Amino acid sequence: MDHGVSRRRDPDLGARAQPDWRRPQRRAQSAPVAGRTLMMTAPPAVSIKNLRIALPKGAERPFAVDGVSLDLRPGKIVCVVGESGSGKSMCAHALMGLLPDTVNVTSGEIQFEGRDLLKLDDDRWRDLRGRRLAMIFQEPMTALNPLMRIGDQMAEMFEAHGLLTPRERRAKALSLAREVGLPDPERIVRAYPHQLSGGQRQRAMIAMALALEPAVLVADEPTTALDVTTQAQILKLIRNLQRSRNMAVMFITHDFGVVADIADQVVVLRHGKVVEEGPAATVFNEPKHDYTKALLAAVPSMHPPARAPLDDLARAVEVIGLDKTYVTSGGWFREDRRVDAARAVNFNILKGETLGLVGESGSGKSSVARLVMRLIEADRGTVRIGDTDLTQLSGKALRAERHRIQMIFQDPFASLNPRRKIGHIVADGPIAAGADSKAAFDRARDLLKMVGLDAGALERYPHEFSGGQRQRIGIARALALEPEIIVADEAVSALDVSVQAQVLRLLEDLKARLGLSMLFITHDLRVAAQICDRIAVMQRGVIVELKPTAQLFAAPEHPYTRELLAAVPGQKERAPAA
Amino acid sequence: QEPKMGGTINAVIQPEPPGLMLAMVQNGPVQMVSGNIFEGLLRYSPKLEPVPELAESWSVSEDAKTYTFKLRKGVTWHDGKPFTAADVLFSVEMLKQTHARARNNLAQVDKVEAPDDYTVVFTLKQPFGPFLGIFEVGSMPMVPKHLYDGTDWKTNPYNNAPVGTGPFMFKEWQKGSFIRLVKNPNYYEKGKPYLDEIYWQIIPDAAARSVAYETGKVDVLPGGSVENFDVPRLSKLKDTCVTGAGWEFFSPLAWLWLNNRQGPLADKRVRQAIMYAIDRDFAKDVIWNGLGKVATGPSASTIKYYTDDVPKYPYDPAKAKALLKEAGYKGEKIRILPLAYGETWQRWGEAVKQNLMDVGMNIETIATDVAGGNQKIGDWDYDIAFTYLYQYGDPALGVGRNYVSSAIAKGQVFNNVEGYSNPEIDKLFADGAVATPDSKRKEIYEKAQKILVEDVPVAWMLELQFPTIMRCKVKNLITTGIGVNDGFKDAWLDK
Amino acid sequence: MLSFVAQRVVKGVIVLLAIVVLNFFLIRLAPGDPAVVMAGEAGASDQVFVQQLREKFGLDKPLPEQLFIYVKGIATLDLGFSFRQQAPVSKLILERLPATLLLTLTAFAISLALGVLFGTFAARFAGTFLDTAITIFALIFYAMPIFWVALMGILLFSVAVDWLPSFGYETVGANLTGLAHLIDVAKHLIMPAMTLGLFFMATYTRMTRASMLEVKRLDFVKTARAKGLPDAVIQRRHVLRNALLPVVTLAGVHAGTLIGGAVITETVFAWPGIGRLMYDALLQRDYNLLLGVFVTCSVMVLIFNLITDLVYRLVDPRIEFAA
Amino acid sequence: MKQFWKSMLKSPSGVIGLVILLLAISVAVFGPLLFPNSPWRMVQRPFLPPFMLSTVPLGTDALGRDVFAGMIFGARVSLLVGLVSTLVALVVGVPIGAMAGYFGGKVDDALMRFTEFFQTIPSFALAIVLVAILQPSIYSIVASIAVVSWPPVARLVRGEVLSLRTREYVQAAVVTGQSNTWIILREILPNALSPVIVLASLMVATAILLESSLSFLGLGDPNLISWGYMVGAGRTVIRQAWWITVFPGVAILISVLGLNLIGEGLNDALNPRLSREGR
Ligand SMILES: Nc1ncnc2c1ncn2[C@@H]1O[C@H](COP(=O)(O)OP(=O)(O)OP(=O)(O)O)[C@@H](O)[C@H]1O
Ligand SMILES: Nc1ncnc2c1ncn2[C@@H]1O[C@H](COP(=O)(O)OP(=O)(O)OP(=O)(O)O)[C@@H](O)[C@H]1O
Ligand SMILES: [Mg+2]
Ligand SMILES: [Mg+2]
């Protein structure tokens, strides 16, 4: 299709590209390198030296990446870990030559196959990308062009480098799809991205990245958006493919469980600087830097702590036979699309108890939370708070009862109105309930103090706070109405581990002090293990198992529960922290 | 110069005629096009003397009540059927139902008879001075009986492909684009018409019409088809001739309806003040580019029995102010309704408004389109309203109706809209219509003019002239007092 | 897909019915009586005569009855009779419809094609002189009143240099046939179509540019770059196609504006379309004709919208054929 | 807010637009005080070319009226029509869109059908008919322009509200027991407003153009001079007196341009993602 596009390369690159992409020839080319590998300790495929990337003026810090050096070796996976904003993605993008226009590399070099990548011109970059260096992105939803068929997007990989005929490309795409384990590959190569599940899309992305057998694979949080079960499969796939092709992999993640599962080498980044690096076992077992230690300590363990049994049998919440089916109207001449988000859901929460609700994405956890909160209407069933049947109320009466059950939301950025000051955000509820505004603000100040924010916060806007602080504000808002029950829907999932640990501790503390009950929704079984008294496991709208936490972890009954537990990454932990 | 045969004329028509059946629709453009297809019994010279057309000759009885017309022999309709007295009788009957003006004009007719195929006799109830002036094609077109008799006139297919006796035949009409007429080869006047065909181009925008002329796409701009402001420029173009002739029969006279019934305008002095306040020479010189004439009274100077021996109202703001003060005008709001006929009239409305405001009147312009304006005038819901009306050659036809009290009737935009009622005037016009001989009529009408001008029932503005602009190679385009409205039968092209 | 169209048609019919009823009353609210207008043109009028006219056109009946008669007619695709032009309304409209369709569709095609082209250029060379130039021109075209553009066009192309005809849709009396006729019509078409399309072209230029810049930031563009695809291919295949979606939506919405805008263009260029027919009908209070034009225009808008929706659904696989 | 002005002032188009608008507004507000001569008064000989007399710097029109005075008084009407009709359109469109988006379901369906209905009638044609029916006056013109321009507002607001409604902070407001009105006014609308403001700035421009087009067809308010009226009136004499049309035409062009630039500036300022990209 694009024969007209110039493919100007230097002789040596051209020579490699021209005969064909097939393996035998390429191997012959890289033979001398391989030979050396045997003699010395494997030379790096890529060597990043003292990389420094400047951010535009007004950014939070002058350099996104500040003097980072690291090597990627064939056949090895290097995990780059660190909190959000530590510069992980920047490193990856620099390696691919895909840095945004607003940032630029001020110093350092990236050695690859005998040249400094940072000095390449656009055409050479283009030649290397995809063919020698490939990348997988975090969001499988947005990383694929929604208007193109999967197979065509795979075939583009060959087209970009002028390889094969269109027919061969299609055949190749099919076999790639098969190789990464996409089900029904004939159908899937003809499908559009939105017709695939997240895991399938990520597989398609991997297939694409591997199409030309690159020497280096960069994976920027490739599993963060996936379910644990899917994550486990994808990790396995990457590991296998990487082994069989002897690729050098740079794997970016913030999840230490994942690191534990696949890393050969670990590099810990903080504020754009490498604070620690070394073989995975060493970093896990003998972390040297305090930051690494803190990070490791913050990873919740799979072992539920012992919990005091609850004697008080008073029920705070009673949920009986909740049904909810979403009907997406198909119009007059089409059948409706129905999703059962809750089917005959029953559970109680005792006073002072934390009930966990776990399950994969789409299993109906949030729907249950909303039903309990009466943010949506149930088709059938009852939600009782104390003696009040919430499902029977509406309008003013409902509003009057709302203060008894409050919610903490998942996304600390989306759950605060960006245009209202924190003071208002916290005090609005009580004022709407009829409280005197001065008293409400005084109380807001106290609450903020209780969640660890100073009084000055009242007058500030949400964007002036960090993620963890915002989640604290969300908690203060929920507490302002002095609720009996708190529903936390993925309340810590968006936070970095260290922050997550703090917030969890805060929640535990407040709960105990105020005698609250809690419905805690999460997809992270480690978190659930640490905070819940009992856990309910949901699958496709049905609660398949509900047990005290320790029992559930020790003796899962339902196959789905077992599958979930097995998929949690990092269980062969080299450093069982705590 | 000897007329040359052949050639095509492109003329502009505006707005697009709603139909071409002159007996059923009678607005200006319809007559302009259909005047070539249909004919009347008579035409009128620029001096408004009757000239034969379908009637070869005519005679009037002693008592002035019987008019006998001898029809031309050998006249055929465009479909080949002969034209006879039966067609005339039929036309009279039909027009009484479809043609409002013909209906009025024929009100004096007692009976119409056809003693033979080529003679028609009109018998009147009483003598009617202007009777010989109602036979022009627009006022009384001849309709083919054999195509209309016994049909539903409204939906008759010939409405859209009219058949007449005229020098040109209807050929095609592309709605929104043009109307095409071709020479009638069997025309009764041998050798005529000279032209092969006429295209009437439909161009709705005045500026675009000027451009069409300028770029040579059309040859004739009939009166009123370009804005007056453009006339001087166009007349200076190469090979361009301009004439104001051809409007003698209609003699359009512009005035302001003044609502005599209510408010300040019920006071004669206020009405006189308005006459003094308006700078009519400015209007003539600037808005009408010097064309036309400042009106002295209810009759245009081209109309029979006109006299300028009447009170005069020169532009005199001081006097206007004095009169207003005398009448005790205290700034009551007065609504003025301009005529929605394009830029010229809009500008004129603005100028008059400004004149009146300059003498201290509180004027508000009410904007409407033609239909909305008509409704307001018909409902007498106005204070001052622009208009211009045709006079049809005789005070009994075009003048009296605007002042006699019997013509006061709600819901119409003609006749006595201003609500002026003066028994003396009523009597004068009643007498004038039937009086004989001419000298007696003259006396009556001169008296009426004097009284009216003193009373100012309406404010007369200008005798309008709509110049026709054409290429000089177009000869003999206008030969009668009806101008382009009764056909191009004498026109020829000097190639 | 078929059921989608069927559903849309049913919906459209309901909307149309509402339009008919509303406009029926709206139009009759206008001051001015068609019978008076007609009688007036004869240069005289009297009560009896006007009443006679009213009866003839059924205007003497009570409004609900008139509406009933009208709607009944519509059901049988009869738009009524124009008492003023003495012809069936549908005939009058059909005579004019081809010209309007030719004009609006050409304007639409030109504006969309050129707009997308310029927008693409501007986005590709964002920040350069070319971008600035295109943006400024787009802004100027956007800001010029349509009649002004028309006037300037005529002065420039018809008067100053005699390249293009200033009125009509063919050379009257030339009796051209075949290719010569086509060329003749095309020559007449250029100016009105450009005039009508210029504003929309400017809109699409700006929209395409903005949309391209927006899409450029999306993840899948990064994926495409990571594949090593040449920039031109990325721009065309990945950026442009996605960026066009909002432009297509907007274009569909514009159909109504385009047809409405044709009133002025058709007036200035003497283009024999229904825009002018509507305006004349309005001035003459030709109720049936005016209503008929409204219904026709609305049908055209609905069809335009349906087509854009279909196109949208063809381009974007994510949207299924549901309402 | 400060942030907003900062980024607004950083975008060059926004600054140029603001300067133009401020200039136009101050002409509209103060001009008539400084040049109290009525623009309708015939002060000099007709068709006096511009720059000949200092008393009539921009020449005179077909009746000898001062073009300069017309420009100044015209600014008032043109801007007023633009601003007021946009305001009316917002007053109609924002609540309809907000209600449709917030309550969803049947309410949404009904309101959107209603909106669609208005969008199905060609807008300019509808405006013409409305002005003709109501009879041309500044009120009917403003009303008609508003009637044809509110549907896009409603649609835009609905879209925004629809997406904001599911935001967590809105749900937070619901669960803390706040009323629907409060939630719409405090939590949703302020966050839906930036694209509406951008749209509004463009609507003012479109309204000015619409008014001029109506004036062109002779449907302007005859008691008030507007730029559109001047262009329409001067159009027939453009061949002999270009200045009568050109000056007000340029005035329209520049103000519409200014408003568009403001729209662009607002877009940049209110959409931080865009502004960071630079251009
Ligand atoms: N386009 C950009 N313009 C300005 N600053 C940016 C841009 N992209 C990222 N940054 C900043 O650069 C720093 C490093 O960002 P980077 O995306 O590398 O973090 P990360 O470690 O990948 O974080 P995460 O885990 O959230 O993806 C951050 O402070 C971020 O705010
Ligand atoms: N408003 C809605 N309309 C239609 N379907 C919906 C709606 N909300 C959720 N669903 C569907 O209902 C199912 C359950 O959704 P829910 O959000 O409760 O899952 P979840 O367990 O919270 O998932 P996640 O972990 O991704 O948040 C999913 O299949 C989802 O697509
Ligand atoms: Mg990142
Ligand atoms: Mg959820």
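Since the model is a prediction, treat every value here as computed from it, not as a measurement. Throughout, protein chains are lettered first and strands after them, A, B, ... in sequence-line order, and every chain is numbered starting at 1.
- Residue B/S177 holds its OG atom at 7.5 Å from CZ of C/R96, rounded to the nearest 0.5 Å.
- Only the side chain of C/F81 comes within contact range of chain B, with heavy atoms under 4.5 Å apart.
- Side-chain contact between B/N159 and C/Q85 is absent, with no heavy-atom pair separated by less than 4.5 Å.
- More than 12 non-hydrogen atoms from other residues, nucleotides or ligands lie less than 6.0 angstrom from OH of B/Y388.
- Contacts of residues 98-108 of chain C with chain B at a heavy-atom distance below 4.5 Å are absent; not one residue qualifies.
- Ionic pairing of B/D205 and C/R276 is not present here: no N-O contact between side-chain nitrogen and carboxylate oxygen is shorter than 4.0 angstrom.
- More than 12 non-hydrogen atoms from other residues, nucleotides or ligands lie less than 6.0 angstrom from NZ of B/K96.
- Taking B/K376, B/R180, B/Q97, B/M21 one by one and counting their heavy-atom pairs under 4.5 Å with chain C, the maximum is reached by B/Q97.
- Only the side chain of C/L92 comes within less than 4.5 Å of a heavy atom of chain B; its backbone N, CA, C and O stay farther away.
- Proximity to chain C is absent for every atom of B/Y390, based on heavy atoms less than 4.5 angstrom apart.
- The contact list for residues 158-172 of chain C toward chain B, using heavy atoms and a distance under 4.5 Å, reads C/S158, C/V159, C/D162, C/S166, C/F167, C/Y169, C/E170, C/V172 by residue number.
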Might you work through the side chain to side chain contact (heavy atoms under 4.5 Å, CB included) test for B/K175 and C/L94, ending with a clear yes or no?
-> CA-CA 10 Å; B/K175 288 285 168 72; C/L94 284 179; over 6 Å; no
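- Heavy-atom distances place no part of B/E197 under 4.5 Å from chain C, backbone and side chain included.
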